[in-house]
Amino acid sequence: MWKWTRPDNIQLLILDGDTLEEEFLTYPYSKDDKVIKTVVVTKSDKLTGHKNSIKFFDFYDLIQEIIEKEKCESYSIISISKDILFLKSMMEYHIGTILVGTLIYDFLKNIPDYTVQNINSIEKILNLDTKGYGAEIFATYSSSRNKMSLLHCNEFVMLDDGNERNVDLYFGGRYYANKHMYILNDPLSHIVKQFKSGYVKAVDLFFDSVCCYIARRENIDYFTYIPLKPNDIKEGKFDRFNSLQLSKLKKNNMQLDSILNCKEDFSQKGNDLYVRREIVKGAFEVIKDVENKTIVIIDDVFSSGSTILEAVKTLYEAGAKKVIAVLLSVNQLTESSIKYKNLKCNICGSNMKLRMNKSSGQLFFGCENYQEHENGKSSTIDLLSGMDTLKEINKLEVVDIVDLHDEF
């Protein structure tokens, strides 16, 4: 799902000439059989022969120049590159992003809108045959599972004997934590928080769909999850993974099994990566025979990766043959120097924030101070309309730059 792009209004592609092969730079990209205009951008002189090319030094000035020259809005532009740092800069200026290639573990904090391997996949995205990462799709649409994608990367865990074991990591989408400016109106972030205290249908659908997807490709012996900590059990905290129904998985005679126990309490909040890894060491123990088994383990949020990788390591130390991790979301750090604008209530002017319809599970925007409205009046906006409006009000504006030397 596009964070900043209006998918019905794609007008221009920014192609990174410094990383993309010639076939990507000259391909006639199209949407609904209409060719989309492209601009090749570069920091070198080698591509100045392209029909529509721009040499640049600063991303902000580049985007300003493109918007003014091409007469288009920032929400109608998509950037394509093999360089995640190039795309990270585009994200900071509210431009849609497609990464050609595989996102590596070290850049999970700056996930682009899509990752692809070839031009055909880009064409599918432009024509909405692929809508976005699975958990974001379920959170937003509650359907369209046939048009969703999964973010995937590989990582290794070091065992006590010095050997490394591979783990496939699958992610459902991007999560923005409490202090992030996007938190009021990001659908997946909202349902992640809801899932900490109660059943959420969209989360159930996501894990059910992904676990079945993996089961069709691997001979899975166990599906399991990160268990509650001892103090959470003592306090009667909501056991979120046991609330999942996973109806498709059960129809295939599979289910979630409790095969890990958490032996001690730990908290990762506010700690740096080194401390997080040290705190969780030895926290888990295996309570079932996993010798030579292939296991899928699920969790909700990936921040530093310390918890899920320690659980994976514990399973491998106990003799597991292969471990695959599926996570609902990845905590994001990408911010922007552009002041973010929230939806405002048309009654009192307060921020509109995401809420969930308790009966349907559908998200909508509602005033955060609706209780103070006179005569109980309510102000609501449906999810998709609200998200389109957010893209509109947060578009990058063209700024007239005054030469200060003229003042003297």
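- Under a 3.5 Å cut-off, the side chain of Asn118 and the backbone N or O of Ser121 do form a donor-acceptor pair.
- In this structure, the ring of Tyr133 has its center no less than 6.0 angstrom from the ring center of Phe138.
- Counting only distance, with no hydrogens or angles, the side chain of Arg174 and the backbone of Asn110 share no donor-acceptor pair below 3.5 Å.
- Between Lys281 and Glu310 there is no salt bridge, since none of the side-chain N atoms of the basic residue sits less than 4.0 Å from a carboxylate O of the acidic one.
- Counting all heavy atoms, side chain and backbone alike, Pro7 lies closest to Trp2 at CB-CD1, 3.6 Å.
- Of the inter-residue distances, the one linking Thr102 atom OG1 with Asn154 atom CG reads 8.5 Å to the nearest 0.5 angstrom.
- Of the candidates Leu20, Asp16, Leu99, Asp16 is the only one forming a side-chain contact (heavy atoms from CB on, under 4.5 Å) with Asp83.
- Cation-pi check for Lys353 over Phe365 is not met; the charged atom does not lie both under 6.0 angstrom from the ring centroid and within 45 degrees of its normal.
- A heavy-atom distance below 4.5 Å is found between the side chains of Ser209 and Met148.
- In this structure, the separation between NE2 on His94 and NZ on Lys391 is 12.5 Å, given to the nearest 0.5 Å.
- Going from atom CD1 of Ile77 over to atom CD1 of Ile63 covers 7.5 Å, rounded to the nearest 0.5 Å.
- Counting only distance, with no hydrogens or angles, the side chain of Asp204 and the backbone of Gln245 share a donor-acceptor pair below 3.5 Å.
- In this structure, NZ in Lys344 is found 8.5 Å from CD1 in Ile393, a value given to the nearest 0.5 Å.
- Ring-centre distance between Phe56 and Phe59: below the 6.0 Å cut-off.
- Screening Leu85, Asp113, Ile95 for a side-chain contact (heavy atoms from CB on, under 4.5 Å) involving Met90 leaves a single residue, Ile95.
- Across all non-hydrogen atoms, the minimal contact from Ser74 to Ile67 is CB-CD1, 4.0 Å.
- Under the 4.5 Å side-chain criterion, counting only non-hydrogen atoms from C-beta, Ser76 is not in contact with Glu70.
- His152 and Tyr170 have tilted rings, their planes meeting at an angle from 30° to 60° on a 0 to 90° scale.
- The minimum heavy-atom distance linking Ser243 with Tyr199 is given by the pair O-CD1, 3.4 Å.
- Ring pair Tyr60/Tyr93 is tilted by interplanar angle, where 30° to 60° counts as tilted.
- You'll find the side chain of Val286 reaches within 4.5 Å of the side chain of Leu315, heavy atoms only.
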With salt bridge (charged side-chain N to carboxylate O under 4.0 Å, His left out) as the criterion, how do Lys196 and Asp300 come out once you've worked through the C-alpha distance, each side chain's angles and the decisive distance to 0.1 Å? CA-CA 9 Å; Lys196 292 185 182 297; Asp300 54 357; 3.4 Å; yes
Test side-chain hydrogen bond (donor to acceptor under 3.5 Å, both in side chains) on Thr380 and Ser378; report intermediate values, then the result. CA-CA 6 Å; Thr380 62; Ser378 63; 5.4 Å; no
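- Here the closest heavy-atom approach between residue Val323 and residue Tyr316 is recorded as N-OH, 3.0 Å.
- In summary, Lys3 and Asp186 engage in a salt bridge, as defined by a charged side-chain N under 4.0 Å from a carboxylate O.
- Between the side chain of Asp232 and the backbone N or O of Leu228, no donor-acceptor pair lies under 3.5 Å.
- What you find for Ile287 and Leu260 is that their closest heavy atoms are CG1-N, 4.0 Å.
- For the atom pair CG of Leu383 and CG of Asn357, the computed distance is 12.0 Å after rounding to the nearest 0.5 Å.
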Working note: Glu264 + Lys229, criterion salt bridge (charged side-chain N to carboxylate O under 4.0 Å, His left out); need CA distance, chi angles, decisive distance, verdict. CA-CA 6 Å; Glu264 54 193 63; Lys229 300 164 191 170; over 6 Å; no
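- Atom NZ of Lys237 has 12 or fewer heavy atoms from other residues, nucleotides or ligands within 6.0 Å.
- In Glu374, the CD atom is not crowded: 12 or fewer heavy atoms of neighbouring residues, nucleotides or ligands sit closer than 6.0 Å.
- Ion pairing of Glu73 with Lys395 is present here, as a side-chain N (NZ or NE/NH1/NH2) and a carboxylate O approach within less than 4.0 Å.
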Kindly indicate, with the supporting measurements, whether the criterion side-chain hydrogen bond (donor to acceptor under 3.5 Å, both in side chains) is fulfilled by Ser385 and Asp388. CA-CA 5 Å; Ser385 296; Asp388 279 345; 6.0 Å; no
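- Residues Asn351 and Leu343 form no side-chain contact, since every pair of their non-hydrogen atoms from C-beta on lies 4.5 Å or further apart.
- A donor atom on one side chain and an acceptor atom on the other are not found under 3.5 Å apart for Tyr75 and Asn9.
- To the nearest 0.5 Å, atoms CG (Leu354) and NZ (Lys193) are separated by 12.0 Å.
- Judged by distance alone, the side chain of Ser379 and the main-chain N or O of Ile347 form no donor-acceptor pair under 3.5 Å.
- At a threshold of 4.5 Å between non-hydrogen side-chain atoms, the residues Phe24 and Leu15 do not count as touching.
- Taking the side chain as every heavy atom from C-beta outward, Leu126 and Ile122 approach each other to under 4.5 Å.
- Ile381 and Gly386 make their closest contact through CG2-N, 3.6 Å (heavy atoms, listed as atom of the first residue, atom of the second, distance).
- There is no side-chain donor-acceptor pair under 3.5 Å between Asp33 and Ser30.
- The aromatic rings of Trp4 and Tyr340 sit perpendicular, their planes meeting at an angle over 60°, well past the 30° parallel limit.
- Put simply, the side chain of Phe207 reaches to within 4.5 Å of the side chain of Leu328, judged on heavy atoms.
- Annotation: Phe302 is in aromatic contact with Phe171 [ring centroid separation under 6.0 Å].
- Residues Thr224 and Asp257 bring no donor and acceptor atom of their side chains to less than 3.5 Å of each other.
- Residues Thr97 and Ser79 bring no donor and acceptor atom of their side chains to less than 3.5 Å of each other.
- Environment of NZ in Lys124: sparse, with no more than 12 heavy atoms of neighbouring residues, nucleotides or ligands closer than 6.0 Å.
- Lys31 pairs in a side-chain contact (heavy atoms from CB on, under 4.5 Å) with only one of the listed residues (Asp8, Ile125, Asn127), which is Asn127.
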What verdict does the side-chain contact (heavy atoms from CB on, under 4.5 Å) test give for Ile298 and Ile226, after you've listed the backbone C-alpha separation in whole Å, the side-chain angles of each residue and the deciding distance to 0.1 Å? CA-CA 7 Å; Ile298 67 174; Ile226 298 294; over 6 Å; no
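- In this structure the side chain of Phe364 never reaches within 4.5 angstrom of the side chain of Met356, judged on heavy atoms.
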